[in-house]
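In what follows, every heavy atom counts, from backbone to side chain, and hydrogens, waters and symmetry copies are set aside. One is the number of the first residue; the rest follow in order along the sequence.
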Amino acid sequence: MVVNHQGELPAVTLSFDLAPGYALSDAVTGIARASQQVNVPPSIQGSFQGTAAASSNPPRIWDCCC
């Protein structure tokens with residue numbers, strides 16, 4: 001069994017592609033909005049990596065729950 005980590009914590013990576021006609025900022029906003037609509041425990045943290053993290057100061061995904 002393999003457990004991925006980010007630093008010392010276990011981690012899961014979720015990837016996505018852009019739908020035709022949508023910008024990366026639309027996807028970042030949509031993912032942040034959707035994550036606010038579910039009951040994520042405060043112990044779970046989310047953030048963007050790569051280009052999504054570099055684009056115009058994206059929100060942390062689950063700040064609403066912490």
How would you list, by chain and number, every residue that makes a side-chain contact (heavy atoms from CB on, under 4.5 Å) with [X], sequence neighbours excluded?
X: A11; value: Q6
X: L18; value: F16, L24, A27
X: V3; value: M1, H5, P10

Residues clustered with Y22, ILVMFWY side-chain links under 4.5 angstrom: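 Once heavy-atom contacts under 4.5 Å are chained together, Y22 still belongs with nothing else.
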
Remaining members of the apolar cluster that contains V2, side-chain heavy atoms under 4.5 Å: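 ILVMFWY cluster around V2 holds nothing else.
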
Qualifying residues under side-chain hydrogen bond (donor to acceptor under 3.5 Å, both in side chains), relative to Q49, sequence neighbours excluded: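 Expected list: S47.
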
Hydrophobic cluster membership, I44 vs V38, 4.5 Å side-chain cutoff: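 Yes, one cluster joins them.
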
Pairwise distance CG(D26) to CD1(I31) - rounded to 0.5 angstrom: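 Atom-to-atom, D26:CG and I31:CD1 are 11.0 Å apart.
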
